[in-house]
Structures are given as C-alpha cells and as structure tokens.
Protein chains: 2
Amino acid sequence: MHTSIAKHIQNHIHPSAIDMQKIFSILNEVSVSKGAFLLKPGTRVKHEYFVVKGCLKAYYMDGKGSKHILQFAVENWWIGDFEAFYNQGNSNLYIEAIEDAQLLSINHDALQVLYEDAPIFERYFRILITKAFISQQKRILSTQEKHTQERYLDFCKSYPSIENRVANYDIANYLGVTPENLSRVRKTLK
Amino acid sequence: MHTSIAKHIQNHIHPSAIDMQKIFSILNEVSVSKGAFLLKPGTRVKHEYFVVKGCLKAYYMDGKGSKHILQFAVENWWIGDFEAFYNQGNSNLYIEAIEDAQLLSINHDALQVLYEDAPIFERYFRILITKAFISQQKRILSTQEKHTQERYLDFCKSYPSIENRVANYDIANYLGVTPENLSRVRKTLK
DNA sequence: TATCCCAATTGATATAGGTCAATGAGATTA
DNA sequence: TAATCTCATTGACCTATATCAATTGGGATA
C-alpha cells in the first residue's frame, strides 16, 4: 500500500529509512466509492490525501449553486482542501470520487509532530506546494491569455491521464466554460 | 534595513538569534527606481526579493504582446519569478517598479545552504508559498464565479494598500479585463 | 501660463461565450 | 426488449466584455 507514496517521496527528497518509517506510521488507508464524498463543506479538515488508486475531483459550490472544479487527482497526486487544512478551519469544498479510490490520509496534528521529528518532510511538502503554486499560476495566465479551444488542447496535452477518465462537462467546468461551449469547440477540432 | 523582514519572519516562525544571523548574512540590499526593471525575460533567475519599501508588479508578456500582471508587491511582500527560481531556469516575467523601491534579495544557492544549516527556514518558505497558493486559488475561483464589478470590489477590499498606489489600467490588467471595462464598471459604482 | 503626456473616460460596434430548451446516443436497469 | 438515466450535442438567442477610435482631464515640464 505504501509503495507508490514511498516512490513519490523519494522522487522529491532523500529521506532516511527512519524518516520513512516515521511518515508511514502516521498514514492511514481510506477508500471511497465512485460518487461518494471524501469531504463536504462545513466539515473540520483534519487530513490531506495521497491517491494510491482512482480519480477524484475537488470543487467549490458558490452562492448561486454553481460548481467550480479546483483540482482533479489521479494516482500519485495529493488532494485536499489545502486552505482549510492549513488554517485548520471548516471545509469549503466537496471532494468526490469519480472512480472508486484508495487513498492514504495524513493527519494535520500528526504532520506538525512529524515536521519537528523529521524536518526533511517540511522540504517535501514545501516542494509539492511550490509545484502546485506554479501550475496554478499557469492556469491563471492561461485563462487570461487563451480562448477555450487553446485551453482545452493544453489541458489534454498536460493531463492526458485525466482527459480520458473524466466527463467532458467536468473538463468544461475545470476550464471555466459551459459544457455546451466545450462541445462546440470540440466539434471544430474534429 | 533588516527590521521589517525580521518582523515578517518572526510573525511566521520562531527562529533563534543564530538562525536570524544566518539569514541576514545572505540577504543583500537592492534598489530599483520607478519604471526600472528588477527582472526581464530571458535572465537567469538567481534571486527572490523582499520589499522593504516601494511598490512593484510582476507580469508576463504573451506571444501577442499583451501583458498579464501576476502579482503586485508592496512593503513586506516577497516578489520574484517563483517558477524560474524554483526550476533555476530563465525568467518569463518582467518585474517593474511602480514606485522607487528598496528590496532585500536572497540568492538561490545560498538559500539551499541555509535550508541545510537552519531548517526552520524551510518552514518559513513553506508557509509563505502555502499562503500564496491559497490566494491564487481564491483568484481562480473569483475569476470563474464573479463578474468584473464584484472582482473589482473584492480587490479594493482585499488590497486597500495597493488599490490607491497603482494605476487603474494595472488593476484592470490584474483582474483580466480591459481598462475600458473597468472604467465603465467604476462609473456605475459612483 | 502654455504645452505635453498619460491615463481615464466615452461612444459605437463586434464577438466569445452564456443561457435556455430540445434532441440524440450510449449505458444501465427493470 | 423496453424504459430510464446521464451526458453530449445542437439550435436560437442574449449578454458581458473586447475592440477600435475619439475625447477629456490632471499632473509634470518647459
């Protein structure tokens, strides 16, 4: 169960065997079935999740009842409500399984202890959040610079592993356009 | 010169006096005059900058020659091309002073040594990038959820210290709309 | 004071994408 | 097989914002 996360960690930092034991000891296995929720708004956020198997989406529901997908996650991605996790507040997001999923959860308080005990993980999560920051920055630029067609093509190119696992209306939502618009754009690409 | 950054650091972590000496020893003072550039595309990015005094903007110039402001920075903010700094690649951004500015620069290689030598700073920068990630996430949601008027009002509320120091066409650019559109929106608010 | 320069505003028009409503098509269930 | 259900597509129309082109206004400079 820990093979994939071990590899992911070792791709980013060089922990000792003891460090690895320490993080393994605070990870817990979680399963979610397709269509079920890992997180709903109003819940106190105590965990972030590493995806071992499956596919999920994290979305915000605004005051008018519209969804806005912030993130998809497939194998070897972390997912969570990072804002609420950081602030230790209540969630604003839904996290829903698009496919049956197996995850590893890490608890907030245990993570703070781990940071003291094995500071190398401070680096691991710093690197991950930095990469996430960089891709968000690209997403912001992409939205301002490009029209739907180009953004859709970029999405398919950047996330081929996601494009064929999620519905087009979810891709449209992630891109910030309507399913109708994406459908018309796709038509011109055929 | 180090007073403001010392305070900023101590607002986020609890370093020893020795830790503080260590980070001070790798900070360098930099000045930029209004209208001058701290960074231009194609330059190897070796530094990030803490703003002691002044106001700056970081923007990307796309293939069609349109600017896209990613970030403003005033006193006590960090600014830089975080992507190129992280990847140690060439810059894609312009960083331009909107007012005469005094900055403290931190060198990439010196920072890596500092991380080994005083790991508490791994935490400091992890926290800062996490906060930056959170505000970017809000910016993405805001763009998808709200029209110009509401985004403009949010901007003024969130960044009162910036709103009255930068030109409206720069605010419009940051919001991803034209100056004409922002002007019309502002008219309806009077 | 008069002259520049920008930024801001205003007007007229164009367009990408949204909204609403209906239809199709593939998969699942009775 | 028939009946659902869900997602994708298509059509007609609407709207927020972009674009292009003047014009205005206020601060700096000669």
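Quick note: numbers below take in every heavy atom, side chains included, and nothing from hydrogens, waters or symmetry partners. Proteins get letters first, then strands, A, B, ... in listed order; numbering begins at 1 in each.
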Could you tell me if the ring centre of Tyr174(A) sits under 6.0 Å from that of Phe72(A)? yes

Does OP1 or OP2 of dA8(C) have a side-chain N or O of Ser183(B) closer than 4.0 Å? no

Polar atom pairs between nucleotides 19-24 of chain D and protein, under 3.5 Å, N or O only, would you list them?
from, atom 1, to, atom 2, distance (Å)
dT19(D), O4, Arg184(B), NH2, 3.0
dC20(D), N4, Glu180(B), OE2, 3.1

On the nucleotide dT10(D), are OP1 or OP2 found under 4.0 Å from the side-chain N or O atoms that Lys187(A) carries? yes

End axis versus end axis in the helix from dT1(C)-dA30(D) to dA30(C)-dT1(D), the angle rounded to 10°, five pairs used at each terminus: 30°

Within the 6.0 Å centroid threshold, strictly below: Tyr94(B) and Tyr59(B): yes

Derivation of the salt bridge (Lys or Arg N to Asp or Glu O under 4.0 Å) call for Arg123(A) and Glu116(B): CA-CA 10 Å; Arg123(A) 178 172 303 177; Glu116(B) 296 296 334; 3.1 Å; yes

Check: Tyr124(A) ring centroid to His8(A) ring centroid under 6.0 Å: yes

Measure the distance from CD on Glu150(B) to C1' on dA16(D) and round it to the nearest whole Å. 15 Å

Between P on dC7(D) and CG on Leu182(A), what's the gap in Å once rounded to a whole number? 15 Å

Taking the side chain as everything from C-beta on, heavy atoms only, tell me whether Phe155(A) gets closer than 4.5 Å to Ile162(A). yes

Would you say that more than 12 heavy atoms from the other residues, nucleotides or ligands in this model lie under 6.0 Å from the CD1 of Ile18(A), or not? no

Among dT17(D), dG17(C), dT9(D), the nucleotide that comes nearest once only the side chain of Arg186(A) is considered: dT9(D)

Side-chain contact test, heavy atoms from C-beta onward, threshold under 4.5 Å: evaluate it for Lys138(A) versus Ile134(A) and give yes or no. yes

Produce the list of close N/O pairs, under 3.5 Å, pairing protein atoms with atoms of nucleotides 5-7 of chain C; give distances to one decimal.
from, atom 1, to, atom 2, distance (Å)
dA7(C), OP1, Tyr169(B), OH, 2.7

